[in-house]
2 protein chains.
Amino acid sequence: MGVSLKDIAQRAGVSLATVSNVVNGYRPVGERTRQRVQQAVDELGYTPNLSARHLRRGRTGLIALAIPELTNPYFAELADMAIREAAGLGYTLLMENTAAERGEELTLLDGAQRHIIDGLILSPVAIGREEVLARRARMPLVLIGEGVYDVPYDHVAIDNVAASRTATAHLVALGRRRIAFVGAPPGDDRQSAHLRIRGYREALAVAGIPFDLRLVASTEQFGRADGEHAMRHLLTLDSPPDAVLAYNDLTAIGALRALTRAGVRVPDDVAVVGIDDIEEGRFSNPTLTTVAPDKREIGRSAVRRLVARIEGEQGPPTHLQPAFHLVERESTGPRPSVAPRRRIRGYRG
Amino acid sequence: MGVSLKDIAQRAGVSLATVSNVVNGYRPVGERTRQRVQQAVDELGYTPNLSARHLRRGRTGLIALAIPELTNPYFAELADMAIREAAGLGYTLLMENTAAERGEELTLLDGAQRHIIDGLILSPVAIGREEVLARRARMPLVLIGEGVYDVPYDHVAIDNVAASRTATAHLVALGRRRIAFVGAPPGDDRQSAHLRIRGYREALAVAGIPFDLRLVASTEQFGRADGEHAMRHLLTLDSPPDAVLAYNDLTAIGALRALTRAGVRVPDDVAVVGIDDIEEGRFSNPTLTTVAPDKREIGRSAVRRLVARIEGEQGPPTHLQPAFHLVERESTGPRPSVAPRRRIRGYRG
DNA sequence: TCCGGGCTCTATAACGTTATACGGATCGCC
DNA sequence: GGCGATCCGTATAACGTTATAGAGCCCGGA
């Protein structure tokens, strides 16, 4: 069907191997021949058949990024970075959606896609340390995010304890005392939110504020709807919170929605902080204060580690902690800037 | 490295071809042999080498979905649907980010990825009809979205004229007269917004409202920031709009942000409608009225058409128009429901 | 004159799979 | 009992690439 090496070889009057060498630059080729081959390649519009190449080489040039939710902007933004980095290194990045399901994550871990991808970047949320340790597949693996630690694989994640400590400390510094946490995991402690809760507790302890379990609202997942429900619950408490740290920006936005809907003023009555710095939070009403991880660095590092392993790097697993910083916006602002800037003329009513 | 057909054949004491037939079910195999082979497969944990299979079959089982922005929730939600459908049909969907760049779109069109994907679903935004017509690659192609029409390829998109007509008519029905359009393309008419503007004009004409060019704000792209800038501009007009139809939900959300920031009440002073029905609009403040295309149907149809073509379907190109419907929320609500539902006790200040 | 040794280039054997053509049973039927 | 038809399997040739071994050739040195 397509143009193959053989066609080029024929046209240029050389052998298959020579064409291959011109295309790959694996072995030197004489200048005259090189040019003749190159011309044939251009004329016929040859592109290598990757299946064949990969069959021969044993590698496919594809890597997968498995994330719990395609529709979570945090992961979309992260994937964006990762795709660019992968392309720069000559790899194509495939996105896999685990839907935060245990089965999906395990399947990927054990290499269902073996032979189609050279390596996997996984953000585990439904599986724990033991499952990762039990994995049999030898395909290179890099973990990202706060799901699983202490396993013999490269790992890239911000310091989640420090991140939530920073966010909580910010609320404390604003004079808030009843600080709630929205988006705790529903039960076991294998999950990520654990670390974020730890940071939250640490910051409270430093400030001398007693930890109040009633202010911790757990959620099934970490989407907008979950944050909204949790916040609604918190508003029913006898003495509701005056601030909220959310597990991530999405739950924070859900919380904002619940607050607005209930007529609670943000930040006047309740201040809100999220984690992730998704673009949505820069345009929400009010805009969202958040902890911004260096997504670019996370995406790049994860891809780089993986590619290094694929290309044979040995050595002990590395654990990278990209930087993060607090971004102050209206949801914790000293004063919301919602007052009209200037008079608008011409409205009805 | 991995377990291959040969290993299975050896262990089960049969030929390669028989193992292949068991695995594929291409030709019937006797029950006894079948079981023996199956057992060997299970014991050794065999998974077919896809590169080899694809080399032989001439197909890879990979299809690509090329979208202008990974981080646009509309496309993320669409991709989510498409991935599921593709998986159900035995294909793996690869996401490509064109970044709305002409070069990227052309490269994909001309089959840079030839040999790695069997077909392409493309949402063109930077290229026009001529470029699509000029394409040489023979790989199956399905177009989605409102970018390019009248080309000999399968196409899936809602009726954009009708969608924006519906949205505009809704604003008219609410008694609005100065209805602005946010998110017109920056100049030429090759682009999609053209159709949406046409629907907008049609609805105005039906209502007997004169078209006012000053109320059409063009933007470079169609993100939140673009909507915000455009809206800010509209607010400087001598007689500003009392309603806004935005090109999509993202620009609508940008507009909401600009309005809130300027102290303009939504929907009291200005009503806002978007198109896309992204989840974000269900949680924004105020929540966003929008035209909801049947994303599930768009994703499914596009994948199905593509797979049909890959598997040899001939016949004239089809043009599918999935359904859409208007979703009324607070941003056009007769009365915003932001009043407190019940008294919240316990706030400071 | 002959030989070792760079250079270029070629011939060919894999890589793991599937499709085709064929071989040998077994069966039904005259 | 002979004959075609029907099963069930097998042997083998691709698919397009790359790595390996080696073939010519030219050159400098003995």
Side-chain angles (χ1 to χ4, degrees), chain A residues 1-38 40-41 44-62 90 111 113-118 139 311-312, chain B residues 1-38 40-41 44-62 90 111 113-118 139 311-312:
Chain A
M1 66 168 49
V3 183
S4 78
L5 275 191
K6 192 159 34 167
D7 303 317
I8 306 295
Q10 227 155 25
R11 184 167 189 121
V14 296
S15 77
L16 281 183
T18 302
V19 181
S20 175
N21 283 330
V22 169
V23 173
N24 294 278
Y26 171 64
R27 296 233 284 191
V29 173
E31 188 50 29
R32 286 170 52 92
T33 349
R34 227 195 68 78
Q35 287 191 354
R36 223 170 47 244
V37 170
Q38 189 58 52
V41 165
L44 296 183
Y46 166 77
T47 55
N49 179 319
L50 295 183
S51 290
R53 169 177 288 178
H54 298 151
L55 171 59
R56 184 59 238 247
R57 293 218 260 227
R59 295 205 251 114
T60 66
L62 290 175
Q113 305 260 26
R114 180 165 37 188
H115 292 312
I116 203 186
I117 56 175
D118 293 337
M139 183 174 60
E311 296 182 350
Chain B
M1 65 167 50
V3 183
S4 78
L5 275 191
K6 192 159 35 169
D7 303 316
I8 306 293
Q10 227 155 24
R11 183 168 188 120
V14 295
S15 78
L16 281 183
T18 302
V19 181
S20 175
N21 283 330
V22 169
V23 173
N24 294 279
Y26 170 63
R27 296 233 286 189
V29 172
E31 188 50 29
R32 287 170 52 93
T33 352
R34 228 196 69 79
Q35 287 191 354
R36 223 173 43 244
V37 170
Q38 189 58 53
V41 165
L44 296 183
Y46 167 76
T47 56
N49 180 320
L50 295 184
S51 288
R53 168 176 290 178
H54 298 150
L55 171 59
R56 184 61 237 249
R57 292 219 259 229
R59 296 205 252 113
T60 65
L62 255 46
Q113 303 261 23
R114 182 166 36 190
H115 292 312
I116 203 186
I117 56 175
D118 293 337
M139 183 174 61
E311 296 181 352

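Everything quoted here is computed from the prediction, not taken from an experiment. Side chains included, hydrogens not; waters and symmetry mates left out as well; all remaining heavy atoms used. Residue numbers begin at 1 in each chain, while the letters A, B, ... track the order of the sequences.
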Whole angstrom value for the distance that separates [atom2] of [N] from [atom1] of [X]:
{"X": "B:R32", "N": "C:dA25", "atom1": "CZ", "atom2": "P", "answer": "17 Å"}
{"X": "B:L16", "N": "C:dC15", "atom1": "CG", "atom2": "P", "answer": "12 Å"}
{"X": "A:K6", "N": "D:dT18", "atom1": "NZ", "atom2": "P", "answer": "15 Å"}
{"X": "A:R57", "N": "D:dC15", "atom1": "CZ", "atom2": "P", "answer": "21 Å"}
{"X": "A:N49", "N": "C:dG16", "atom1": "CG", "atom2": "P", "answer": "17 Å"}
{"X": "A:N21", "N": "D:dG22", "atom1": "CG", "atom2": "P", "answer": "18 Å"}
{"X": "B:L50", "N": "C:dC15", "atom1": "CG", "atom2": "P", "answer": "18 Å"}
{"X": "A:H54", "N": "D:dT18", "atom1": "NE2", "atom2": "C1'", "answer": "12 Å"}

[X], nearest nucleotide to its side chain (from [options]):
{"X": "A:T18", "options": "D:dT17, C:dC9, C:dT12", "value": "C:dC9"}
{"X": "B:P28", "options": "D:dC8, D:dT10, C:dA11", "value": "D:dC8"}
{"X": "A:R27", "options": "D:dT18, C:dC15, C:dT10", "value": "C:dT10"}
{"X": "A:V14", "options": "C:dC9, C:dT10, C:dG16", "value": "C:dT10"}
{"X": "B:S15", "options": "C:dA11, C:dG16, D:dA11", "value": "D:dA11"}

Check: When you match B:V19 and B:L55 each to their closest nucleotide on DNA chain D, which lands nearer the 5' end?
Finding: B:V19
Item checked: Residue met sooner reading DNA chain D from 5', once A:R53 and B:E31 are mapped to nucleotides -> B:E31
Notebook entry, point to check: Has the side chain of B:R56 got a donor or acceptor that lies under 3.5 Å from a partner of the other kind on the base of C:dA19?
Noted result: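 Checked by distance alone, the answer is no.
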For [N], does either OP1 or OP2 sit under 4.0 Å from a side-chain N or O belonging to [X]?
{"X": "A:S4", "N": "D:dG16", "result": "no"}
{"X": "B:S20", "N": "C:dT17", "result": "no"}
{"X": "A:N24", "N": "D:dT18", "result": "yes"}

Note to self: Just so I know, are the side chains of B:Q38 and B:V22 near enough to count as touching, which here means a heavy-atom distance under 4.5 Å?
What the structure shows: yes
Check: Does the side chain of A:N49 come within less than 4.5 Å of B:L55's, by heavy atoms?
Finding: yes
Taking the side chain from [X] and the backbone from [Y], do they hold a donor-acceptor pair closer than 3.5 Å?
{"X": "A:D118", "Y": "A:T60", "result": "yes"}
{"X": "A:N24", "Y": "A:N21", "result": "no"}
{"X": "B:R36", "Y": "B:A12", "result": "yes"}

